[in-house]
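This one's a predicted model, so the numbers in the text were calculated from it and none came from an experiment.
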Amino acid sequence: WILGSWAKAIAARDASRDYFFYSYRLIEQNRGQWDALAQTVDVIHLFAAPLYRMVPLPPSAAIVTSINHVADWPNCAPACASDIVCYMSEEWRRYLLDQGLPADKLVYFPTGIDTDRYNPSISRDKSRRRFNLPQDLCVVGLFCKATSDEHRRKGTDAFVAAIRSLAGVRNHFGLFIAGPGWDHIVTSLRGQGFSVFYRPYIDPIDMPYAYRALDLHVVPSLVEGGPS
């Protein structure tokens with residue numbers, strides 16, 4: 001998902017170095033290979049703070065950890081021992097300073113948007129046809145994955161409660177939910193008569209069209225990496 005996309009984007013901009021990508025599961029399944037490789041690299045960048053205590057790290061490599069958000073500080077705190085800690089918004093910089101991290105260990109890791117791909121010039125009608133969405137329906141979107149909903153930080157409970165409160169006008173709008181793991185929400189809302197269009201997985205190529213197909217994109221998160 002997004003973490004792998006970030007890692008590949010970094011690699012694509014620096015042809016002078018060799019990059020290797022490992023998920024935690026891949027490390028578990030290939031521990032010997034990981035241990036041998038880790039002894040030869042200069043830098044290991046962990047894209048999620050809990051990985052610091054989960055991944056076997058060699059003393060020879062510099063360790064960079066991205067703390068994109070904090071829903072459970074005790075689970076993230078060990079990552080403070082990294083050589084560098086990356087953050088993506090001023091909100092989290094202030095939080096990390098409050099936890100006692102020295103300012104010279106913190107590095108801003110900005111995120112942005114590719115305006116060549118995501119822009120209003122994309123045809124709304126074409127976007128809706130791409131996902132078989134009705135052209136004349138108000139479409140409300142929720143895009144996220146359930147595995148990122150630790151400590152219910154994605155606010156899906158609030159989203160579902162808000163949608164249910166609109167039962168009296170449910171024929172006037174539909175929901176476009178994307179991301180794996182929301183089958184129970186989709187089944188529940190459909191059972192209550194709401195029109196729900198569900199795509200557990202969307203190819204990154206199609207994401208600009210998914211956003212353009214919406215009338216309203218809802219971000220109910222209680223904790224997020226960017227400003228919330």
Worksheet item: Given the rule that I, L, V, M, F, W and Y join up when any side-chain heavy atoms are under 4.5 Å apart, are Met88 and Phe47 in one cluster?
Response: yes

Worksheet item: Same hydrophobic cluster for Val169 and Val160, using side-chain heavy-atom links shorter than 4.5 Å among ILVMFWY?
Response: yes

Worksheet item: Would a 4.5 Å heavy-atom cut-off, applied to side chains only, mark Ile84 and Thr65 as touching?
Response: no

Fill in: Joint cluster assignment, Val43 & Val55, ILVMFWY side-chain distance < 4.5 Å
no

Discussion item. Counting only heavy atoms from other residues, nucleotides and ligands, does the tally under 6.0 Å from CD1 of Ile205 exceed 12?
Written reply: no

Practice prompt. Mind running side chain to side chain contact (heavy atoms under 4.5 Å, CB included) on Gln135 and Arg124 for me, showing each step along the way?
Written response: CA-CA 9 Å; Gln135 296 289 349; Arg124 177 182 176 277; 4.2 Å; yes

Worksheet item: With a 4.5 Å limit on heavy-atom distance, are the side chains of Val64 and Asp83 in contact?
Response: no

Fill in: N/O donor-acceptor pair under 3.5 Å between Asp149 side chain and Thr156 backbone
no

Discussion item. Do Ile27 and Phe20 sit in one hydrophobic cluster, given that two such residues count as connected whenever their side-chain heavy atoms are within less than 4.5 Å of each other, even indirectly?
Written reply: yes

Worksheet item: Is there a donor-acceptor pair closer than 3.5 Å between any side-chain N or O of Arg170 and the backbone N or O of Gln192?
Response: yes

Worksheet item: Do Arg153 and Glu150 meet the salt-bridge criterion of a basic N to acidic O distance under 4.0 Å?
Response: yes

Discussion item. Using 0.5 Å steps for rounding, measure from the CD1 atom of Ile177 to the CZ atom of Phe159.
Written reply: 5.0 Å

Discussion item. Checking the side chain of Ser82 only, and the main-chain atoms of Ala79 only, is there a donor and an acceptor separated by less than 3.5 Å?
Written reply: yes

Fill in: Short side-chain to backbone donor-acceptor contact, Arg199 and Ala178, under 3.5 Å
no

Item to complete: Determine the minimum heavy-atom distance between Phe176 and Phe143, stating which atoms define it.
Response: O-CE2, 3.6 Å

Item to complete: Output yes when a side-chain donor or acceptor of Trp92 lies under 3.5 Å from a complementary backbone atom of Glu224, and no otherwise.
Response: yes

Discussion item. For the OH atom of Tyr19 and the NE2 atom of His45, what is their distance to the nearest 0.5 Å?
Written reply: 10.5 Å

Item to complete: Taking all heavy atoms of Pro74 and all of Asp72, pick out the closest pair and write down the distance.
Response: CD-OD1, 3.0 Å

Response to the item:
Between Phe109 and Cys86, the two heavy atoms sitting closest are CB-CB, 3.8 Å

Worksheet item: Can you tell me if NZ on Lys126 sees more than 12 non-hydrogen neighbours from other groups inside 6.0 Å?
Response: no

Discussion item. Does Asn119 form a side chain to side chain contact (heavy atoms under 4.5 Å, CB included) with Asp116? I'd like the steps, not just the answer.
Written reply: CA-CA 7 Å; Asn119 63 75; Asp116 289 333; 5.7 Å; no

Worksheet item: Any sub-3.5 Å donor-acceptor pair from Tyr198's side-chain atoms to Gly179's backbone N or O?
Response: yes

Worksheet item: How long is the gap from CZ on Arg128 to OH on Tyr209, to the nearest 0.5 Å?
Response: 16.0 Å

Discussion item. Whether the side chain of Ser188 engages the backbone of His184 through a donor-acceptor N/O pair (distance < 3.5 Å, no angle test) should be reported.
Written reply: no

Discussion item. Within the structure provided, determine whether Met54 and Tyr52 are in side-chain contact (heavy-atom separation under 4.5 Å).
Written reply: no

Item to complete: Find out whether Met207 and Tyr211 are in side-chain contact, i.e. whether some heavy atom of one side chain is under 4.5 Å from a heavy atom of the other.
Response: yes

Practice prompt. Tell me, with the steps shown, if Ser89 and Tyr108 meet side chain to side chain contact (heavy atoms under 4.5 Å, CB included).
Written response: CA-CA 7 Å; Ser89 74; Tyr108 180 44; 5.8 Å; no

Item to complete: Could you tell me the separation between the CG atom of Asp157 and the CD1 atom of Ile185, rounded to the nearest 0.5 Å?
Response: 7.5 Å

Discussion item. Using every non-hydrogen atom in the two residues, find where Leu137 and Asp215 come nearest and quote the distance to one decimal.
Written reply: O-OD2, 3.4 Å

Worksheet item: Any side-chain heavy atom of Phe197 sitting closer than 4.5 Å to one from Phe131?
Response: no

Practice prompt. Run the numbers on Val85 and Val107 for side chain to side chain contact (heavy atoms under 4.5 Å, CB included), then give the verdict.
Written response: CA-CA 6 Å; Val85 173; Val107 174; over 6 Å; no

Discussion item. Any non-hydrogen side-chain atom of Ser148 less than 4.5 Å from a side-chain atom of Lys154?
Written reply: yes

Fill in: Donor-acceptor side-chain pairing of Gln33 and Tyr22 below 3.5 angstrom
yes

Item to complete: Please check if the side chain of Asp206 supplies one atom and the backbone of Ile202 the other of a donor-acceptor pair under 3.5 Å.
Response: no

Discussion item. Are Ile163 and Leu216 connected into the same hydrophobic cluster when the rule is that any two of I, L, V, M, F, W, Y join if their side-chain heavy atoms are below 4.5 Å apart?
Written reply: yes

Worksheet entry | Value rounded to 0.5 Å, distance of CD1 in Ile122 from CZ in Arg117 | 8.5 Å

Worksheet item: Can a salt bridge be assigned to the pair Asp125 and Arg212 using a cut-off of 4.0 Å between side-chain N and carboxylate O?
Response: no

Discussion item. If the threshold is 4.0 Å, N to carboxylate O, is there a salt bridge linking Arg94 and Asp98?
Written reply: no

Item to complete: Take Thr147 and Lys145 through the side chain to side chain donor-acceptor pair (under 3.5 Å) test and state the conclusion after the steps.
Response: CA-CA 6 Å; Thr147 54; Lys145 58 190 178 77; 3.2 Å; yes

Discussion item. For the backbone of Tyr87 and the side chain of Arg93, can you confirm whether one donor and one acceptor N or O come within less than 3.5 Å of each other?
Written reply: no

Discussion item. Looking at Asp203, I'd like to know if its CG atom is crowded, meaning that more than 12 non-hydrogen atoms belonging to other residues, nucleotides or ligands lie closer than 6.0 Å.
Written reply: yes

Item to complete: Measure the spacing between CD of Gln99 and CG of Leu97 and express it to the nearest 0.5 Å.
Response: 9.5 Å

Worksheet item: With under 30° as parallel and over 60° as perpendicular, where do the rings of Phe173 and Phe194 fit, or are they tilted in between?
Response: tilted

Worksheet entry | Side chain proximity check, Asn75 to Trp73, heavy atoms < 4.5 angstrom | no

Worksheet item: Which atom names give the shortest non-hydrogen contact between Gln39 and Pro58, and what distance separates them?
Response: NE2-CB, 3.7 Å

Response to the item:
Exactly one of Leu189, Thr187, Leu142 clears side-chain contact (heavy atoms from CB on, under 4.5 Å) with Val196, and that residue is Leu189

Discussion item. In the structure I gave you, are the side-chain heavy atoms of Leu57 and Leu46 within less than 4.5 Å of one another anywhere?
Written reply: yes

Discussion item. Tell me the closest heavy-atom pair linking Val139 and Ala213, and the distance in Å.
Written reply: CB-O, 4.2 Å

